[in-house]
Number of protein chains: 2
Amino acid sequence: MPKVVDHHERRTRIAAALLQVAADRGIEAVSLRHVATEAGVSSGMVQHYFRTKDEMMTFALAVVAENVMARMAGQPVAETPAAMIRALVIELLPFDEQRRIEGRVLLAFHAHATNNPTIAALLRENADQLRTYLAERIRTEQAAGTTTAALDAGHIATGLLALADGLGVNVLVEHYTADEALATFDAYLTAVLG
Amino acid sequence: MPKVVDHHERRTRIAAALLQVAADRGIEAVSLRHVATEAGVSSGMVQHYFRTKDEMMTFALAVVAENVMARMAGQPVAETPAAMIRALVIELLPFDEQRRIEGRVLLAFHAHATNNPTIAALLRENADQLRTYLAERIRTEQAAGTTTAALDAGHIATGLLALADGLGVNVLVEHYTADEALATFDAYLTAVLG
DNA sequence: CGTTTTACGTTGCAGTCGCAATGTAAAACA
DNA sequence: TGTTTTACATTGCGACTGCAACGTAAAACG
């Protein structure tokens with residue numbers, strides 16, 4: 001056998017190139033050759049680590065999902081419940097280049113999921129995870145009496161995430177800036193949590 | 001000259017076929033040949049009415065935008081401000097097949113707009129129109145004192161539309177049903193408008 | 001040290017794409 | 001009635017796609 005190689009590392013590197021291509025030129029520009037060129041490798045190597053294009057796409061999506069989750073989990077504990085929610089959801093808005101790229105890719109995958117059950121399932125799994133996490137934290141605050149919100153925590157979480165999704169999309173297509181989106185989000189937060 | 005032909009009608013018919021293909025098999029399946037087949041015409045005819053694929057896509061998007069606007073404008077005047085907003089935004093949620101198709105197509109175009117200025121501009125124009133319209137109606141209600149909302153009408157409109165966008169996307173990828181989305185939306189409405 | 005297994009690189013094939021080019025038929029206009 | 005103009009249909013070309021099929025070289029293992 002040749003050089004022992006970290007498969008996961010190679011796949012991750014290729015996925016990163018895929019995300020770059022998708023963010024730069026749209027997901028329809030994601031081809032084996034383009035990704036290979038972007039990664040600086042041969043298309044044969046890409047084929048070596050991903051048997052099909054679909055497998056490559058799915059892996060890349062999983063990478064993005066992991067990144068988002070990791071960023072949210074790495075968030076420090078906030079003082080007030082509103083601040084906590086704000087900090088979490090801000091992570092979903094495209095404020096810097098990294099989040100812009102991820103946002104574009106996620107948007108493209110959402111469009112794709114519309115007629116691709118595999119991708120739809122992957123997206124749904126992550127969204128559920130996020131929603132459950134957020135709802136749980138809201139419930140905790142409600143139990144502790146630190147928030148005035150009388151609404152069902154599940155509805156609040158769903159609404160917050162959907163609002164973040166919608167604002168994110170609108171920022172990505174440049175209907176308004178991330179700051180304006182945040183202002184709108186804040187208005188919603190105060191309305192719901194007091 | 002041959003048979004005098006209604007150009008706009010032909011283009012609209014082709015656009016309808018495009019939307020069908022996009023909704024059925026994803027926007028990446030939209031090719032001159034597929035659209036032509038779906039419309040039951042030759043690809044030469046499609047080329048006759050649209051000089052480029054891009055022109056065809058843009059036209060189809062404009063058709064969708066018109067449909068949405070027409071449906072919203074055709075909405076009867078509601079009793080309460082909340083009911084009015086609710087009726088308007090419900091039109092944006094994918095409750096029936098028609099709105100599901102339009103939603104899918106719009107979602108795909110939003111992803112596309114991320115790196116296509118022409119489409120981005122078209123989307124932005126429509127979104128602005130919608131937002132202005134909604135904000136204006138909210139302002140009217142506020143002036144009449146028929147709503148308790150203290151927030152800036154612009155922010156409310158932006159938030160409502162973004163929330164509708166986000167909920168719509170989540171319904172399209174089947175994270176939850178349109179009814180659940182509506183429940184969440186209602187919770188938001190009462191929180192904001194009282 | 002020889003064998004085997006893995007990690008790539010290269011090439012090619014069948015299919016699809018957008019689009020240009022060309023052909024044909026029919027109706028409006030002179 | 002003849003000419004011109006428009007409405008299509010057909011064909012083909014160059015570019016691109018995913019993917020299979022090979023080839024090669026190097027390192028782990030016996």
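Scope of the values below: all heavy atoms of this structure, side chains included, with no hydrogens, waters or symmetry mates. Every chain is numbered from 1, with letters handed out A, B, ... down the list of sequences.
- B/V171 and B/T177 get closest at one heavy-atom pair: CG2-O, 3.6 Å.
- The salt bridge (charged side-chain N to carboxylate O under 4.0 Å, His left out) contacts involving residues 58-75 of chain B comprise B/R71-B/E91, B/R71-B/E102, where partners must be two or more places apart or lie in separate chains.
- Residues passing the salt bridge (charged side-chain N to carboxylate O under 4.0 Å, His left out) test with B/E136 are B/R139, sequence neighbours excluded.
- Near DNA chain D, meaning a heavy atom under 4.0 Å from it, residues 106-113 of chain A has no residue at all.
- Counting only residues at least two apart or on different chains, no salt bridge (charged side-chain N to carboxylate O under 4.0 Å, His left out) pair has a member in residues 168-179 of chain B.
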- prompt: Are B/V68 and B/N126 close enough, and set up right, to give a side chain to side chain contact (heavy atoms under 4.5 Å, CB included), and what steps lead you there?
  reply: CA-CA 10 Å; B/V68 172; B/N126 273 129; over 6 Å; no

statement: Contact string for nucleotides 7-19 of chain C, one letter per nucleotide 5' to 3', B = base within protein heavy-atom range under 4.0 Å, S = sugar-phosphate only, - = neither, reads BBBB-B----BBB

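- At whole-Å resolution of the value, NE2 in B/H8 and C1' in D/dA7 are 19 Å apart.
- The CD1-C1' distance, from B/I14 to D/dA7, rounds to 12 Å in whole Å.
- When side chains are defined from C-beta on, A/V169 does not count as touching A/H110, because their heavy atoms never get closer than 4.5 Å.
- Here B/R13 pairs with B/E9 in a salt bridge; the nearest charged N to carboxylate O distance falls below 4.0 Å.
- Take B/T80 and apply the side-chain contact (heavy atoms from CB on, under 4.5 Å) test, not counting sequence neighbours, and it matches B/A82, B/A83.
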